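Here is the structure we will look at.
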Amino acid sequence: KAGVTQTPRYLIKTRGQQVTLSCSPISGHRSVSWYQQTPGQGLQFLFEYFSETQRNKGNFPGRFSGRQFSNSRSEMNVSTLELGDSALYLCASSLQGINANTEAFFGQGTRLTVV
Amino acid sequence: AQSVTQPDIHITVSEGASLELRCNYSYGATPYLFWYVQSPGQGLQLLLKYFSGDTLVQGIKGFEAEFKRSQSSFNLRKPSVHWSDAAEYFCAVGVWSFQKLVFGTGTRLLVSP
């Protein structure tokens, strides 16, 4: 069974540009979450999607957005990149989200560097 | 608000010695608790989880954790550490109402020969 696949693994972008990251969840999983990991702030929740609907969003500016497709694949977009957006972006998939019968599996992450 | 505290930023353990990583959580309802491990530049791998029932849970790689409601703790243990266990360990609480995981700041484990 394939795991969570994130592409690309590494990205270098210039300030002001935009970027799109992709996440393919484990087959059969309908919930996809995104997290940002930085040395200063640690792991922070960005948003969660289930069956193409965003159920919750973390405390990030509107430059951060996402979507989920009918095959459960998800993308997140960051517009007008800032230096502080440099981070490891992690995607997690689960059957139905956070509940008593499931757990989240993480991808390898996309390392975004903004210069 | 939900929070997770991992009081130890770094821990150094000799290979073969026992390990205990501390985790305290703040959550109003019955918590869903997790331990993840992260190797440098990699994603997070689930070690074990607690949803309900037996308060001592077994995980992969010989790890176990004990849920203590009275102490709001979920400490991770391993009886004998291997050099390959060197990594960063994250404790997390699952917040059902917001469909998110809240992570601690992590504990970096160093294993000395």
Side-chain angles (χ1 to χ4, degrees), chain A residues 3-7 9-10 21 23 25-26 30-51 53-60 66 68 87-113, chain B residues 1-10 23 25 27-54 57-60 63 65 67 74 87-108:
Chain A
V4 181
T5 303
Q6 291 188 245
T7 56
R9 288 292 311 277
Y10 303 93
L21 312 181
C23 172
I26 292 170
R30 295 167 64 190
S31 169
V32 173
S33 302
W34 290 88
Y35 293 81
Q36 181 196 64
Q37 185 177 26
T38 60
Q41 300 298 316
L43 283 150
Q44 292 189 289
F45 171 76
L46 281 157
F47 26 65
E48 189 260 358
Y49 288 87
F50 179 79
S51 294
T53 299
Q54 185 183 90
R55 292 198 290 190
N56 197 30
K57 183 173 164 52
N59 189 25
F60 280 83
Q68 187 181 34
L88 181 66
Y89 290 88
L90 293 165
C91 165
S93 84
S94 64
L95 279 170
Q96 298 177 338
I98 302 294
N99 62 44
N101 297 310
T102 187
E103 61 249 24
F105 297 89
F106 284 80
Q108 298 283 69
T110 294
R111 171 72 64 186
L112 172 65
T113 302
Chain B
Q2 310 86 13
S3 66
V4 175
T5 301
Q6 294 180 249
D8 303 307
I9 298 175
H10 296 99
C23 171
Y25 67 90
Y27 187 59
T30 301
Y32 303 146
L33 295 164
F34 308 85
W35 274 99
Y36 285 89
V37 61
Q38 185 178 38
S39 298
Q42 301 298 312
L44 300 170
Q45 182 182 21
L46 179 68
L47 286 175
L48 46 77
K49 60 186 183 289
Y50 172 79
F51 290 152
S52 65
D54 193 348
V57 293
Q58 303 296 321
I60 63 171
F63 287 93
F67 169 62
F74 189 55
E88 189 150 23
Y89 292 79
F90 292 92
C91 180
V93 63
V95 183
W96 175 85
S97 55
F98 290 98
Q99 287 300 312
K100 68 179 183 180
L101 294 170
V102 174
F103 287 89
T105 50
T107 297
R108 184 168 299 279

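Residue numbers start from 1 in every chain, and the chains themselves are labelled A, B, ... in the order their sequence lines are given, proteins ahead of strands. For clarity, every value in this text was computed on a predicted model and none was experimentally measured.
- Other residues, nucleotides and ligands place more than 12 heavy atoms under 6.0 Å from the CD1 atom of B:Ile60.
- In this structure, chain A has heavy atoms under 4.5 Å from both the backbone and the side chain of B:Leu44.
- B:Gln99 has its side chain out of reach of A:Phe50: every pair of non-hydrogen atoms, C-beta onward, lies at least 4.5 Å apart.
- With a threshold of 4.5 angstrom between heavy atoms, B:Lys100 approaches chain A through its backbone and through its side chain.
- Contacts with chain A (heavy atom to heavy atom, under 4.5 Å) involve these residues of residues 87-95 of chain B, listed by number: B:Phe90, B:Gly94, B:Val95.
- In this structure, A:Phe45 has its ring center no closer than 6.0 Å to that of B:Phe98.
- Both the backbone and the side chain of A:Ala104 come within contact range of chain B, judged by heavy atoms closer than 4.5 Å.
- At most 12 non-hydrogen atoms from other residues, nucleotides or ligands lie less than 6.0 angstrom from CD of A:Gln96.
- Neither the backbone nor the side chain of A:Gln44 comes within contact range of chain B; no heavy atoms are under 4.5 Å apart.
- The closest side-chain heavy-atom distance from B:Leu101 to A:Phe106 is below 4.5 Å.
- Only the side chain of A:Glu48 comes within contact range of chain B, judged by heavy atoms closer than 4.5 Å.
- Most heavy-atom pairs under 4.5 Å with chain B: of the set A:Leu43, A:Val4, A:Leu46, this distinction falls to A:Leu43.
- Here the closest heavy-atom approach between residue A:Leu90 and residue B:Gln38 is recorded as CD1-NE2, 4.3 Å.
- Proximity to chain B is limited to the side chain of A:Tyr35, based on heavy atoms less than 4.5 angstrom apart.
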